[in-house]
**Q** 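The structure is given below, and queries will be raised subsequently.
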Amino acid sequence: MPLDISGLVELLRLLGDPTRLRLLVALLEAELTVGEITRVTGLSQPRVSRHLRLLAERGLAQRTPDQTHVYYRAAPVEPIAELLRCVLNLVPVQDELLRRDRERLEQILAERRRVAGNLLARIGVQPLSAADSDAVGAAVERLLAGAGAERDLGRVLDVGTGTGGMLVLLAPRASEAIGIDLSPQMRLIARAAVSAARLSQCTVMDGDMYALPFPAGSFDVITLDRVLGAAEHPRRVVAEALRVLTPGGLLVTVEVAGSGVDRQELTRWVESGPAEACDFEVTSRQGAWVSIARAVTTTTAAA
C-alpha cells in the first residue's frame, strides 16, 4: 500500500527518536520479546513497551503472540520495510551504544541455540544430517527454479515447520516467511534456527494445519516438509494449503519412504485442489522425494 505525504512524515518523525532506532536495529537482526529487547538495550521494560507499541501501531514493527510471550520484528511489509532498510543503513555501525546492544543480542541468541539443542535431545527429535538436508534443499531449489521461482519467492508459509529447516532455506528469498506448528517446543526450536540465521523477515506462530489462520490466497509458496506422513488426514492438509495459496502459487512437498504417502496419491489430492502437479524428484537421501505443484489460476480453470 503506497504512503501519502502525511503518512511518510509521521513515519520519519517516529524514526527520529534514538531509542526507537536502537529497537529497530535489534529487530532487524532477530524477532525478540519485550524482555529480550530490555536485556539488549538495558532500558526499562515500561519504556521499551511504550516504544514498541508506537512502532507496531504505525506498521514499523510487527507483533506475534505465542503463549505468554509476544515477539516483535521489524516491518516485513513494503513499502514500510524499504523505508526502514534505507534509514537503518544510515545508522553508524561503530556507535558505542549499538556495539553493546549487538554484544548482548549475541548472548541472547546463543542462549536460544543452547535451549533449542537441549530440547531437541530431550524430546528425541532427530534433525536431518547435513548431507541429507543439503540433498533435500538442493532438490527443492531445483524444482522451484524449474517452476519459475528462482529469485523472489514472495510470501512463504511452512506448515508444520518443526525445526525450521525450510524457513532457513527459503526465507532469504522471501518478502515474508511464516512457520506454523502446534507444538510450543518445536516453535521454540524453529525460532532459534531462524534467529541464528538472522532471518528477521520470519516469524513462527501457533497454527493448525487443518485450519490455517489466514485468508484465501495469502501465500505465493507453501511447503509441507515431512508433514503429510505424520498427519491423520493428509488430504485435508493439502486442501487447506491450496486454499491459502495464491492462484499460480507453488506447493512444495517433501516426504520419505515408508511415510504412507506416495506420489500418485499426492497427485490425486493436488489435482482435486484444484492444482496441477508440476515436477517430482527423488533426492540422494534414500527413499526421500520432493514434489512441486501449482495452484490453478482462473484462466487455467476456465480452459
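In this chain, numbering begins with 1 at the start of the sequence shown. Just so we're clear, the structure is a prediction, and the values are computed from it rather than from any experiment. Below, each value reflects all heavy atoms present in this structure, side chains not excepted, and no hydrogens, waters or symmetry copies.
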**Q** Identify the heavy atoms of A192 and A116 that sit nearest to each other, and give their distance.
**A** CB-CB, 3.7 Å
**Q** side-chain contact (heavy atoms from CB on, under 4.5 Å) with W269: which of V237, L242, L228?
**A** L228
**Q** Could you work out the complete set of other residues in the hydrophobic cluster of I5, with links drawn between I, L, V, M, F, W and Y side chains under 4.5 Å apart?
**A**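 Its cluster partners, ordered by chain and number, are V9.
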**Q** Using modelled atom types only, decide if a donor and an acceptor are shared between the side chain of R173 and the backbone of D152 within a distance under 3.5 Å.
**A**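 Between the backbone of D152 and the side chain of R173 there is no qualifying donor-acceptor contact (under 3.5 Å).
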**Q** Hydrogens and angles aside, do T203 and E31 bring a side-chain donor and acceptor to less than 3.5 Å of each other?
**A** yes
**Q** List the steps and the verdict of side chain to side chain contact (heavy atoms under 4.5 Å, CB included) for L170 and L144.
**A** CA-CA 10 Å; L170 301 181; L144 284 170; 3.7 Å; yes
**Q** Should L97 and V48 be regarded as members of a common hydrophobic cluster, given that ILVMFWY residues are connected when their side-chain heavy atoms come within less than 4.5 Å of each other, either directly or indirectly?
**A**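 They do not share one cluster, since no chain of ILVMFWY contacts under 4.5 Å joins L97 to V48.
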**Q** Check whether any side-chain heavy atom of F280 lies under 4.5 Å from a side-chain heavy atom of L143, and answer yes or no.
**A** no
**Q** List the steps and the verdict of side chain to side chain donor-acceptor pair (under 3.5 Å) for T253 and S291.
**A** CA-CA 5 Å; T253 304; S291 172; 5.3 Å; no
**Q** Tell me whether R99 at atom CZ has more than 12 heavy atoms from other residues, nucleotides or ligands lying less than 6.0 Å away.
**A** yes
**Q** Do L32 and V194 land in one hydrophobic cluster if side-chain heavy atoms of ILVMFWY residues count as linked below 4.5 Å?
**A** no
**Q** Could you tell me whether a side-chain N or O of D66 sits under 3.5 Å from a main-chain N or O of H69, the two making a donor and an acceptor?
**A** no
**Q** Taking atom CG of D220 and atom OG1 of T246, what is their separation to the nearest 0.5 Å?
**A** 4.5 Å
**Q** CG of L43 to CG of D101: how many Å apart, nearest 0.5 Å?
**A** 8.0 Å
**Q** Residues in salt bridge (Lys or Arg N to Asp or Glu O under 4.0 Å) with E10, at least two apart?
**A** R13, R58
**Q** So I292 and V140, do their side chains get closer than 4.5 Å, heavy atoms only?
**A** no
**Q** Checking side chain to side chain contact (heavy atoms under 4.5 Å, CB included) for the pair R112/S195: CA distance, chi angles, key distance, verdict?
**A** CA-CA 9 Å; R112 282 190 183 182; S195 62; 3.3 Å; yes
**Q** Hey, does the side chain of Q62 reach the backbone of A56 with a donor-acceptor pair shorter than 3.5 angstrom?
**A**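 Not a single qualifying donor-acceptor pair exists.
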**Q** If you apply the rule side chain to side chain donor-acceptor pair (under 3.5 Å), what do you find for S259 with R226, and how did you get there?
**A** CA-CA 8 Å; S259 70; R226 290 163 292 150; over 6 Å; no
**Q** What is the distance from atom CZ of R100 to atom CG of D95, rounded to the nearest 0.5 Å?
**A**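 One gets 8.5 Å once the value is rounded to the nearest 0.5 Å.
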**Q** Under 3.5 Å, side chain of S175 to main-chain N/O of G154, donor-acceptor pair present?
**A** yes
**Q** Indicate the atoms forming the closest heavy-atom contact of D181 with G162, along with that distance.
**A** OD2-N, 2.9 Å
**Q** Is R22 reaching over with its side chain to a backbone N or O of T41, donor-acceptor style, under 3.5 angstrom?
**A**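 Side chain of R22 to backbone of T41, a donor-acceptor pair under 3.5 Å: yes, one is there.
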**Q** How far apart are the C-alpha atoms of E150 and R142, what are their side-chain angles, what is the distance that settles it, and do they pass the salt bridge (charged side-chain N to carboxylate O under 4.0 Å, His left out) test?
**A** CA-CA 8 Å; E150 191 170 5; R142 283 191 294 270; over 6 Å; no
**Q** Are R187 and Q67 close enough that some pair of their side-chain heavy atoms sits under 4.5 Å apart?
**A**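 Yes - at least one pair of side-chain heavy atoms lies under 4.5 Å apart.
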**Q** Step by step, would you call T163 with L120 a side chain to side chain contact (heavy atoms under 4.5 Å, CB included)?
**A** CA-CA 9 Å; T163 59; L120 276 171; 4.1 Å; yes
**Q** For E232, is the CD atom crowded, meaning more than 12 foreign heavy atoms sit under 6.0 Å from it?
**A** no
**Q** Does the side chain of L266 come within less than 4.5 Å of W289's, by heavy atoms?
**A**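 They are in side-chain contact.
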**Q** Please say whether the positively charged group of R191, taken as NZ for Lys or CZ for Arg, lies over the ring of Y71, i.e. under 6.0 angstrom from the six-membered ring centre and within 45 degrees of the axis.
**A**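 So R191 does make the cation-pi contact.
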**Q** Looking only at heavy atoms, what is the nearest atom pair of G42 and R104, with distance?
**A**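 Residues G42 and R104, closest heavy atoms: N-NH2, 4.4 Å.
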**Q** Rounded to the nearest 0.5 Å, what's the gap from CG on L14 to NE2 on H51? Could you check?
**A**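 Spacing of CG (L14) from NE2 (H51) equals 10.5 Å.
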**Q** Would you say the side chain of L188 lies within less than 4.5 Å of the side chain of Q185, judging by non-hydrogen atoms?
**A** no
**Q** Any idea which heavy atoms bring L21 and V87 closest together, and the distance?
**A**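 Distance-wise, the nearest heavy atoms are CD2-CG1, 4.1 Å.
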**Q** Establish whether I37 and L109 are linked, either directly or via other cluster members, by ILVMFWY side-chain heavy-atom contacts under 4.5 Å.
**A**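 They do share one cluster, since a chain of ILVMFWY contacts under 4.5 Å joins I37 to L109.
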**Q** Is a side-chain donor or acceptor of R155 paired with a backbone partner of S218 at a separation under 3.5 angstrom?
**A**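 Such a contact is found between R155 side chain and S218 backbone.
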**Q** How long is the straight-line distance from CD1 of I123 back to CG of N118, given to the nearest 0.5 Å?
**A**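 So the CG of N118 and the CD1 of I123 are separated by 11.5 Å.
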**Q** Take R236 and E240 through the salt bridge (charged side-chain N to carboxylate O under 4.0 Å, His left out) test and state the conclusion after the steps.
**A** CA-CA 6 Å; R236 285 173 50 195; E240 180 65 356; over 6 Å; no
**Q** Considering all heavy atoms of both residues, which atom of I108 and which atom of E36 are nearest to each other, and what is their separation?
**A** CD1-O, 3.4 Å
**Q** Taking side chain as C-beta onward, heavy atoms only, is L88 less than 4.5 Å from L24?
**A**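 Contact flag for L88/L24 side chains = yes.
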**Q** For the residue pair L212 and R243, what are the closest heavy atoms and their distance?
**A**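 Nearest heavy atoms, L212 then R243: O-NH2, 3.1 Å.
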**Q** Apply side chain to side chain donor-acceptor pair (under 3.5 Å) to residues T223 and D158 and explain how you reach the verdict.
**A** CA-CA 5 Å; T223 55; D158 185 30; 2.6 Å; yes
**Q** Rounded at 0.5 Å granularity, tell me how far CZ in R294 sits from CG in L250.
**A**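 So the gap between those two atoms works out to 5.0 Å.
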**Q** For E276 and A293, indicate whether the former's side chain and the latter's backbone hold a donor-acceptor pair under 3.5 Å.
**A** no
**Q** Any luck finding a side-chain donor-acceptor pair between S6 and D4 under 3.5 Å?
**A** yes
**Q** Is it the case that one hydrophobic cluster holds both L98 and L52, taking links as side-chain heavy atoms less than 4.5 Å apart, direct or via other members?
**A**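 Result: yes, single cluster for both.
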**Q** Tell me, with the steps shown, if L224 and V252 meet side chain to side chain contact (heavy atoms under 4.5 Å, CB included).
**A** CA-CA 6 Å; L224 300 170; V252 177; over 6 Å; no
**Q** For the hydrophobic clusters of this structure (ILVMFWY residues joined by side-chain heavy atoms under 4.5 Å, transitively), does one cluster hold both Y210 and I178?
**A** yes
**Q** Can you confirm whether L12 sits close enough to L83 that some side-chain heavy atom of one is under 4.5 Å from a side-chain heavy atom of the other?
**A** yes
**Q** Charged N to carboxylate O below 4.0 Å: is that the case for E106 and R102?
**A**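 Looking at R102 together with E106, the answer is no, because their closest N to O distance does not fall below 4.0 Å.
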**Q** Contact between E141 and L169 at the side-chain level, heavy atoms closer than 4.5 Å - yes or no?
**A**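 Sidechains of L169 and E141: in contact.
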